[in-house]
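Inspection log for the structure reproduced underneath, given as structure tokens.
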Amino acid sequence: MPDLAAMFAQLAQDPYPLYDMLRSKNRVLWMDDGERWLVTGHQEALEILRHDRFSSDRTRWDNYQPPTGYDRGAGMFTMDPPDHTRLRSLVQRAFTARVVERLRPRVEELVDGLLTEAEARGEIDLMADFAGPLPAIVLAELLGIPAEGQESFREWATTMIAAIDPVSHSVSAERAELGRQADTQLSGYLGEIIEKRRAAPREDLISALVAAEETGDRLTSDELLDMCILLTVAGLETTVNLIGNGTNALLDHPHQLDRLRAEPGLITSAVEELARFDAPIQLSGRVPLEDVEIGGQTLRKGQMVGIVLGAANRDERAFADPHRLDLGRTPNNHLAFGRGIHFCLGAPLARVEGEIAISALVRRFPALRRAGDPQRRNNPHVRGFVSLPVALG
Ligand code: HEM
């Protein structure tokens, strides 16, 4: 088997035939070159994500090498209970479904504004002009970043995210250095806001995080900063790619696009199906804390287990006709937002943004179509587009 990252990079256009091939060999497959297991079966992935003997802490991997370039720890993402439980429950006190629902009218307004600007131009790059800006503005406003700081916030966050590569460690030294600088600037800026909100709270997520308390426990200033950075890293690129991959899938399936236009009420199940069909996060990882048998294989303590969410989402044992896009698919037990104790904390926000963005795009532009070749991002972990040209009128 070739090197895992190289294999995925080659197949950035369409990894799904490869996933099928791997799954047909074994749903839990040992990759000699990659020195890891690859799990492509839905049931097997689910079992691991819910299992309490699998760690999210990558340093538990026997072959763990600290990244040589820029490394921004992933906070809660890579923590296990009880540390994970403590942080997660504190954040959940602040980042509630109510907070997200309150954002709905504002997201509608932002989508409207971006699409009005786009309409005036006729042709746009969906990534640069719509899918990219929306989640960044929403997250900045949610955190409580003042309007004048939002452009810098987005620039620093984008540069920092571009330098993070937890899978293949293939980021150039130059990009890693830019990432480190952006991290320093963003951390300094967020740190100042945290201190300001501590002194004078407002109606924003940073103030709510400052105040979040459980049985006398609170987030420290360092934890708070790490959490804001984690929300930024976890929440931007992913939502951008949900909107980009989702729109691309609709353009590839005109009958489904027409169906959504005819039945706008389908949008909730449509977003779930678009997340399943071309998941923004393709790969997650766990390390067994003891030998565990899954899918007839013994996963040994300290081995790396790659959970291919994108493959589990196309498993014929879990989804009827898995390669068909069906916006009304029910049930739809996809793993695009993970499962178990690390289930995506931002899923309600991503869903609200995805629903509003995609339904407005489809509703406002009946003639929506491609206006050039889309360019895929060459990343096996985060699946999305660098550019997706579309014509609106
Ligand atoms: C379509 C958009 C999104 C997708 C596909 C996505 C996907 C995921 C997945 C697969 C995980 C689990 C990773 C694992 O188990 O190893 C996760 C966790 C997480 N996500 Fe998301 N995410 C999205 C949007 C967001 C947003 C908007 C935010 C916040 C603003 C967010 C914050 C988080 C956090 C904090 C975690 C870690 C939770 C924990 O460790 O307990 N995500 N996400």
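Every number for a ligand or one of its atoms is a count from 1 in the order of the listing.
Atom numbering of ligand 1 starts at 1 in the shown order; those under 4.0 Å from a heavy atom of Ile341 are 41 (O). Near His84, meaning under 4.0 Å from any of its heavy atoms, are these atoms of ligand 1: 39 (C), 40 (O), 41 (O). Ligand 1 places these atoms under 4.0 Å from at least one heavy atom of Leu242: 1 (C). For ligand 1, the atoms sitting less than 4.0 Å from at least one non-hydrogen atom of Leu139 are 30 (C), numbered in the order shown with element in parentheses.
Counting only protein N, O or S atoms, the number found under 2.8 Å from atom 21 (Fe) of ligand 1 is 1.
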Using residues 232-242 as the side-chain source, report each donor-acceptor pair under 3.5 Å to any protein atom, sequence neighbours left out, with the distance given to one decimal.
| residue | atom | partner | partner atom | Å |
| --- | --- | --- | --- | --- |
| Thr232 | OG1 | Cys228 | O | 2.7 |
| Glu237 | OE2 | Arg377 | NH2 | 3.0 |
| Thr238 | OG1 | Ala234 | O | 2.6 |
| Thr239 | OG1 | Gly235 | O | 2.8 |
| Asn241 | ND2 | Glu237 | O | 3.0 |

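Between His334 and Phe337, the ring planes lie tilted relative to each other; the angle falls in the 30° to 60° range.
Here Ala140 pairs with Ile145, Gln150, Phe153 under the side-chain contact (heavy atoms from CB on, under 4.5 Å) rule; sequence neighbours left out. With sequence neighbours left out, Glu151 forms a salt bridge (Lys or Arg N to Asp or Glu O under 4.0 Å) with no residue at all.
Remark: minimum distance from atom 38 (C) of ligand 1 to any protein heavy atom is reached at Arg88 NH1, 3.3 Å. Nearest protein neighbour of atom 13 (C) of ligand 1, counting heavy atoms only, is Phe77 CE2, 3.4 Å. Nearest to atom 40 (O) of ligand 1 among the protein's heavy atoms is His342 ND1, 2.6 Å. Of all protein heavy atoms, the one closest to atom 5 (C) of ligand 1 is Ala336 O, 3.6 Å. Taking atom 15 (O) of ligand 1 as the reference point, the nearest protein heavy-atom neighbour is Arg286 NH2, 2.8 Å. Taking atom 14 (C) of ligand 1 as the reference point, the nearest protein heavy-atom neighbour is Ser284 OG, 3.4 Å.
Contacts between Thr239 and ligand 1, counted as non-hydrogen atom pairs separated by less than 4.0 Å, involve both the backbone and the side chain. Contacts between Leu309 and ligand 1 below 4.0 angstrom, taking non-hydrogen atoms only, involve the side chain exclusively. If you look at Glu353 next to ligand 1, there are no close heavy atoms at all, none under 4.0 Å. By the criterion of a heavy-atom distance under 4.0 Å, neither the backbone nor the side chain of Leu142 is placed next to ligand 1. Counting heavy atoms closer than 4.0 Å to ligand 1, residue Arg351 contributes nothing at all.
Residues Asn332 and Glu272 have side chains that never bring a donor and an acceptor to within less than 3.5 angstrom of each other. Judged purely by distance below 3.5 Å, without hydrogens or angles, the side chains of Asn333 and Arg276 never pair a donor atom with an acceptor atom. In summary, the side chains of Gln181 and Gln185 do not present any donor paired with an acceptor at a separation below 3.5 Å, with no hydrogens or angles considered. Residues His84 and Ser56 bring no donor and acceptor atom of their side chains to less than 3.5 Å of each other. Side-chain polar atoms of Arg364 and Thr116 form a donor-acceptor pair below 3.5 angstrom. If you check the side chains of Thr298 and Asp291, you find no donor sitting under 3.5 Å from an acceptor. Checking Tyr19 against Asp315 by side-chain atom types alone, no donor-acceptor pair falls below 3.5 Å.
Checked by atom type and distance alone, the side chain of Asn245 never pairs as donor or acceptor with a backbone atom of Ala275 at under 3.5 Å.
Look at Asp278 and Arg383 and you find a salt bridge, because one of the NZ, NE, NH1 or NH2 atoms lies within 4.0 Å of a carboxylate O, short of that distance.
Within the 4.0 Å heavy-atom shell around ligand 1 one does not find Thr232.
Annotation: side chain of Thr96 is not in contact with side chain of Arg102 (no heavy-atom distance under 4.5 Å).
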